[in-house]
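Reading through the structure tokens given below for one structure.
Sequence positions, counted from 1, serve as the residue numbers for this chain.
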Amino acid sequence: MVWYVTPAGLGLTNDSAAYIGGARSLLAGTGYSDIWLDSTREPLTHYPPLLSLTLSGIGLLTGLDPYRAARALHIALFAANTGLMGLLGFRMTKSQAASVGLALLFCANADLLRIHAQVLSEPLFLFFSLASFLTFSIAVEHQPGQKTTLEKPKTGNRILDTGYWLLATGFLTALAFLTRYSALALIATFLTAIFLLSAQARFRRIAFFLGGVIPPIAAWFIRNSLVADSATNRVLQFNPIQISNVRTGLWNIAHFLSPAPVMAEWMFKSGALNIFLALFGLGLLAWLAFNAWKILVQSPNSPVSKSPNPLVFTTALYIFGYLGAVLFSMSFFDASTKFQPRILAPLYVSWMILLAAGLNTVTTKPNRAVLGWGGAILVLAVSMFSIRQSIIELREMDGLGYASWRWRQAEVLAYIRNLPPDIAIYSNSPPAVYHVTGRASRVIPTPVNPVTGLPRSEYDQALAEMRDELLAGRAVLVLFDVSDIEDAFGEENALQFDGLVLLVKAQGHVLYGVPEIK
């Protein structure tokens, strides 16, 4: 499906420029740096390195450019993630039907297909996350008549074998962190699960897990401290989450839960979605609290029936851990993050796992089997209908984001492509310039704001430097989705650019320079 819906290549976003540019920089021998920006070459720390490292590795082995390598990678990742979901479903339920159903539910989800059809870090992040859950499940005992906990040391090698799987879990979790920083929630989830599910030797098992987690992450942070001033290029500052962002998340969740547009719109506007999510969240939290208490107080020899399924329990923990990590990041580190499907994807996958577990439980009860099977068939049927519509739409779109025809045919970018190499480019979207023309550009100065703005004094200085470059004919200014300079900088600042000429105005974009620039 990913191959079929991306004939023109994967979709491109702002973040795609960092991953593709970082990979090209690695292949060029200039380190993991921001080559899409026309400024002093700075090592990247804001974006974790593993996707770029993977793309550059594929490039070294095959000779593919990182952009084309990303398509090959995501085709493989979509298949691998589907398979991992099936394996997790089987380990969780011991049911072939449940495992196949869960795998089908994953690959028939329109949002997850779209995420795999773009150059984003989420597909690789999901791969390492699901793989870490799989290795964790292998470290968990499922023997009848015994407590469902991490394996107890029956022999001298038993605890060691469990430790190796926890070491592997830690290493995969670290790789997930080096793909997306939000994997911090995954680390916290496994630490909590190991502590609660271990019959004994809790801290020894935690040590095994941390032995896999710490070295890769420490190496990345040490590298950042040596080449940059910040470990992750994030500054702690409180930024309240906007209501509009919450509404965006609810809208996307509504479309995930009900691919039928009419039903999704009703759920969103009527408030039914809010009630459902509140009841689901409170119910799941109560179930977690009850089972955590029961695990801590019951005897190690208690029967399996009195203990929760470890994968279900850990997945439920992860839902709250991931949501908490995202909310914390938005509030204190990165206010520009929005509740888009790519951010919500780990929650979507977790909900699928819980749904599969719930439907399997219902189908195993003789008097409710018809209800369980009916629910499973309905969910898969709705997903299949939705994915069919998405496949047709994606195939006809001829590219997502900056890979689309709209951007490839933009007149302002065609003009920039023919500029002499010594002419600098200022833009409100350097990724657009890089993706379409392959040229680096400079970010236009931004007034003070919680995300990227400059203090007023620095802003005025940067604005003056840009104006001098433009009026001297050494640079051009391209503004996307903006009608004019006044719209971009305000009436007062726009007066400072008197003398610039509107070189191109088309398709909602404008390009300014001086008459001498051809």
Problem - Pairwise side-chain contact, Glu265 with Val262, heavy-atom cut-off 4.5 Å (strictly under) - result: no
Exercise for the section: State whether the side chain of Ser390 and the backbone N or O of Ile387 hold a donor-acceptor pair below 3.5 Å, judged by distance alone. Expected result: no
Practice task
Could you tell me whether Arg68 atom CZ has more than 12 heavy atoms of other residues or ligands within 6.0 Å of it?
Solution key: no
Fill in the blank from the handout: Rounded to the nearest 0.5 Å, the CG atom of Asp15 sits from the CD atom of Glu122 at a distance of 8.0 Å
Problem - Phe90 and Leu102: CA distance, side-chain angles, deciding distance, side chain to side chain contact (heavy atoms under 4.5 Å, CB included) verdict - result: CA-CA 9 Å; Phe90 184 76; Leu102 183 55; over 6 Å; no
Handout entry: Where Ala17 and Pro431 come nearest, the two heavy atoms and their spacing
Key = CB-CB, 3.8 Å
Practice task
Work out which heavy atom in Trp287 is nearest to a heavy atom in Ala316; give both atom names and the distance.
Solution key: CZ3-CB, 4.1 Å
Handout entry: Any donor-acceptor N/O pair, Ser52 side chain to Tyr19 backbone, under 3.5 Å
Key = yes
Practice task
Report yes or no: does Ser383 contribute a side-chain atom to a donor-acceptor pair with the main-chain N or O of Val379 at less than 3.5 Å?
Solution key: yes
Practice task
State whether the side chain of Ser56 and the backbone N or O of Leu53 hold a donor-acceptor pair below 3.5 Å, judged by distance alone.
Solution key: yes
Practice task
Mind checking the CG-NZ spacing from Asn291 to Lys294? Nearest 0.5 Å is all I need.
Solution key: 4.5 Å
Problem - Side-chain heavy-atom pair Arg71, Val119 within 4.5 angstrom cut-off - result: no
Exercise for the section: Report the distance from atom CG of Leu285 to atom CZ of Phe280, rounding to the nearest 0.5 Å. Expected result: 11.0 Å
Practice task
Could you tell me whether a side-chain N or O of Asn309 sits under 3.5 Å from a main-chain N or O of Met92, the two making a donor and an acceptor?
Solution key: yes
Completion exercise
Taken to the nearest 0.5 Å, the spacing of Leu104 CG from Asn109 CG works out to 12.5 Å
Exercise for the section: Identify the heavy atoms of Leu51 and Leu124 that sit nearest to each other, and give their distance. Expected result: CA-CD2, 3.9 Å
Problem - CD1 on Ile115 to CG on Leu126, rounded to 0.5 Å - result: 7.0 Å
Problem - Heavy-atom side-chain contact between Thr315 and Leu88 under 4.5 Å - result: no
Handout entry: Gln389 atom CD, neighbour heavy-atom count above 12 within 6.0 Å
Key = yes
Practice task
Kindly indicate whether the side chain of Pro310, heavy atoms from C-beta on, has any atom under 4.5 Å from the side chain of Phe313.
Solution key: no
Handout entry: Atom CZ of Arg406: over 12 foreign heavy atoms under 6.0 Å
Key = yes
Exercise for the section: Indicate yes or no: does Glu393 engage Arg114 in a salt bridge with an N to O separation below 4.0 Å. Expected result: yes
Problem - Passing candidate, ring-ring contact (aromatic ring centres under 6.0 Å, His included) with Phe256, options Tyr348, Phe339, Phe268 - result: Tyr348
Practice task
Report yes if some heavy atom in the side chain of Phe133 is under 4.5 Å from a heavy atom in the side chain of Leu186; otherwise report no.
Solution key: yes
Practice task
Look at atom OH of Tyr4 and say whether more than 12 heavy atoms of other residues, nucleotides or ligands are closer to it than 6.0 Å.
Solution key: no
Completion exercise
Rounded to the nearest 0.5 angstrom, the CZ-OG distance for Phe190 and Ser132 is 3.5 Å
Handout entry: Short side-chain to backbone donor-acceptor contact, Tyr67 and Leu10, under 3.5 Å
Key = yes
Exercise for the section: Please indicate whether Ile243 has more than 12 foreign heavy atoms, meaning atoms of other residues, nucleotides or ligands, lying under 6.0 Å from its CD1. Expected result: no
Problem - Nearest heavy-atom neighbours spanning Thr179 and Ser121 - result: CG2-O, 3.4 Å
Problem - Main-chain N/O of Phe136 paired with Thr169 side-chain donor or acceptor, under 3.5 Å - result: yes
Practice task
Decide yes or no for Leu44 and Ser33: does some side-chain heavy atom of the first lie under 4.5 Å from some side-chain heavy atom of the second?
Solution key: no
Problem - Whether Arg91 side chain and Ser137 backbone form a donor-acceptor pair below 3.5 Å - result: yes
Completion exercise
Between Val349 and Met85 the two heavy atoms that sit nearest each other are CG1-SD, 3.5 Å
Practice task
Indicate whether the side chain of Tyr402 and that of Asn14 have a donor and an acceptor atom separated by less than 3.5 Å.
Solution key: yes
Handout entry: Working for side-chain hydrogen bond (donor to acceptor under 3.5 Å, both in side chains), residues Thr13 and Ser16
Key = CA-CA 5 Å; Thr13 68; Ser16 301; 3.1 Å; yes
Problem - Expected output: side-chain Ser329 to main-chain Val326 donor-acceptor under 3.5 Å - result: no
Exercise for the section: For residues Leu12 and Ile20, determine if any side-chain heavy atom of one lies less than 4.5 Å from a side-chain heavy atom of the other. Expected result: yes
Problem - N/O donor-acceptor pair under 3.5 Å between His74 side chain and Gln118 backbone - result: yes
Handout entry: His116 side chain to Asn81 side chain, donor-acceptor N/O pair below 3.5 angstrom
Key = yes
Practice task
Please step through salt bridge (charged side-chain N to carboxylate O under 4.0 Å, His left out) for the pair Asp111 and Arg342, ending with a clear verdict.
Solution key: CA-CA 8 Å; Asp111 285 331; Arg342 58 173 296 195; over 6 Å; no
Problem - Of Leu311, Asn360, Thr363, the residue whose pairing with Thr93 passes side chain to side chain contact (heavy atoms under 4.5 Å, CB included) - result: Asn360
Fill in the blank from the handout: For Ser270 and Met267, the nearest pair of non-hydrogen atoms, with its separation, is OG-O, 3.7 Å
Handout entry: Aromatic ring pairing Phe177/Phe221, orientation class (parallel under 30°, perpendicular over 60°, tilted between)
Key = perpendicular
Problem - Within 6.0 Å of CZ in Arg395, more than 12 heavy atoms from elsewhere - result: yes
Handout entry: Trp3, CH2: over 12 other non-hydrogen atoms inside 6.0 angstrom
Key = no
Exercise for the section: I would like to know whether Leu284 and Leu354 meet side chain to side chain contact (heavy atoms under 4.5 Å, CB included); could you show each step before the answer? Expected result: CA-CA 10 Å; Leu284 190 61; Leu354 294 185; 4.0 Å; yes
Exercise for the section: Report yes if some heavy atom in the side chain of Ile343 is under 4.5 Å from a heavy atom in the side chain of Lys338; otherwise report no. Expected result: no
